[in-house]
Student: 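First the structure, which I've put down as structure tokens, then a few questions once you've had a look.
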Amino acid sequence: MAVDVLLGLQWGDEGKGKIVDVLTPEYDVVARFQGGPNAGHTLEFNGIKHVLHTIPSGIFRDNTINIVGNGVVIDPVTLKKEIDALVKMDVDIRKKLFISRKAHLIIPTHRLLDAASESSKGKEKIGSTLRGIGPTYMDKTGRNGLRVGDIEAKDFLDRYKKLSAKHSEILKHMEFECKLDELEPQWFEGIEEMKKLNLVDSEHIINRYIGEGKKILAEGAQGSLLDIDFGSYPFVTSSNTITAGACTGLGIPPGKINRVFGIFKAYCTRVGSGPFPSELNDATGEQLRKAGNEFGATTGRPRRCGWIDLPALKYAIMINGVTDLIMTKPDVLSGFDKIYACTHYIYEGKKIDFLPYDIVNNEVKPVFEEIKGWRESLTGINAESQFPKELNDYITYLETNLQVPLSIISVGPDRNQTIIRKRF
Ligand code: GDP
Ligand code: IMO
Ligand code: MG
């Protein structure tokens, strides 16, 4: 039993990057299993703030191998930028970073198709990060995609041109301007950079490590409510963000999954369109956005804010088989006299305590329970014994409702602002 999984239980941006970085010293390998540069995972340490999009969040720690798995989609342009930034910080990419040959490539026209699709949807747009994620996964499942391993093939350029030409035809039909001359040089530079990396059959490496009893942490991107199957479809991303995604996205047998760390904010946020039952479209929502600095790490867009949503969390816990909960950002709630938890929904005139099938076309009204807040700042706390009583009460309330232990509480963005309640 060698693989633990860490993933988001809400609509993304729960603080996955920070916590993976905190947990990395306990692991031999950190591996991303899905998503692509739509992700923005923020790490803070030694006064440095760093955002990763493709590369796993274990990359800053010595002695840990970082793998970008087959389930990930890679944009060579973003990857090169990430690598350049890490090399500047003296991170030994050659030694520590491995990329699956089976990961799919985002090509410039995928990004254009994403933009064309969104603009054709008008008011119904997904609010995509426009990084080409959807079109790339469409080509993967449509069996037309280009994979990382293809860049080593003699006819790679022909294969690229064939796919790109196909996309250009579609873009022409959609009357979407396609200025490839501006995009391709950078993309091919990224491909040249990728050729210098460790391109591997990562499923073999991971399973060898499992056999040797080494510890592996699988890092999720996005959040469970953005999952292609179980999220608020169609306002979702195009991959399986849940625990099962770690199996298909890395080649891990299901029986080898050990702990599942489910991470959530002490409140809730969402970027992009789609239902968000506990959203606050008022001054309190604004206050949360300001206090939590809730702006997207990838696009800079303001995040929509609301209270914690317990039926949605319970659903995510069920789908993922969460064994340990991790809460981030309770420090943002300091100074709120009262906080609230959404415990039920009013749906089709009835009070229900579960996430129903269609929250997109049917109204889901939240029912909130009031909880006493805390005044004290939490950011300097370094032991659980220093928690205000009301925070302890909130933790007990959540554990009682969610029926899973809260093992880690994060009280600020820095690596050190982390309270481990239970060792694993
Ligand atoms: P991810 O996508 O799940 O890795 O999360 P993001 O990096 O997109 O967003 C989380 C944001 O919250 C980042 O700016 C983090 O630096 C910050 N953060 C993480 N944990 C905490 C915390 O406990 N308190 C505060 N105030 N900020 C946090
Ligand atoms: P991390 O890993 C928050 C959202 C987008 C949009 C929808 C589809 O940082 O938590 P896509 O680009 O996949 O076509 O967008 O999903 N989204 C995220 N929201 N955090 C993310 O990643 C996200 N990745 C995608 O805003 O609503
Ligand atoms: Mg993020």
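Note that ligands are numbered from 1 as they come in the structure, with each ligand's atoms numbered from 1 the same way. As the structure is a computational prediction, the values presented were derived from the model and not from experiment. Nothing fancy with the numbering, it's 1 onward along the sequence.
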Student: Run the ring-ring contact (aromatic ring centres under 6.0 Å, His included) check on Y160 and W187 step by step: do they pass?
Tutor: CA-CA 11 Å; Y160 166 81; W187 192 80; 4.8 Å; yes
Student: May I ask you to identify, for A297, whether its side chain, its backbone, both or neither come under 4.0 Å of ligand 1 on a heavy-atom basis?
Tutor: side chain
Student: Applying a 4.0 Å heavy-atom criterion (strictly less than), which segment of D13 is in contact with ligand 1: side chain, backbone, both, or neither?
Tutor: both
Student: When you look for heavy atoms under 4.0 Å from ligand 1, do you find them on the side chain of V411, its backbone, both, or neither?
Tutor: backbone
Student: As an exercise, identify every atom of ligand 1 less than 4.0 angstrom from a heavy atom of G15.
Tutor: 1 (P), 3 (O), 4 (O), 5 (O)
Student: Sort out the contact shell of ligand 2: every protein residue with a heavy-atom distance below 4.0 Å, listed by chain and number.
Tutor: W11, G12, D13, K16, N38, A39, G40, H41, I126, G127, S128, T129, A221, Q222, L226, V236, T237, V271, G272, R301
Student: Within the 4.5 Å heavy-atom criterion, are H41 and D21 side-chain neighbours or not?
Tutor: no
Student: So with a 6.0 Å cut-off around CE of M138, is the heavy-atom count from everything else above 12?
Tutor: no
Student: For the Mg ion (ligand 3), give me the closest N/O/S atom belonging to D13, just the atom name.
Tutor: OD1
Student: If we only consider heavy atoms of G40, is any one of them less than 4.0 Å away from an atom in ligand 1?
Tutor: yes
Student: Under 4.0 Å from ligand 1, counting heavy atoms only, is it the side chain of Q417, its backbone, both or neither?
Tutor: neither
Student: Sequence neighbours left out, what passes salt bridge (charged side-chain N to carboxylate O under 4.0 Å, His left out) with E26? Give chain and number order.
Tutor: R423
Student: Given H41, K18, K329, which one has a non-hydrogen atom that is nearest to atom 11 (C) of ligand 1?
Tutor: K329
Student: Is the contact between M327 and ligand 1 made by the side chain, the backbone, both, or neither, using heavy atoms and a 4.0 Å cut-off?
Tutor: neither
Student: Does any N, O or S atom of G40, backbone or side chain, fall under 2.8 Å from the Mg ion (ligand 3)?
Tutor: yes
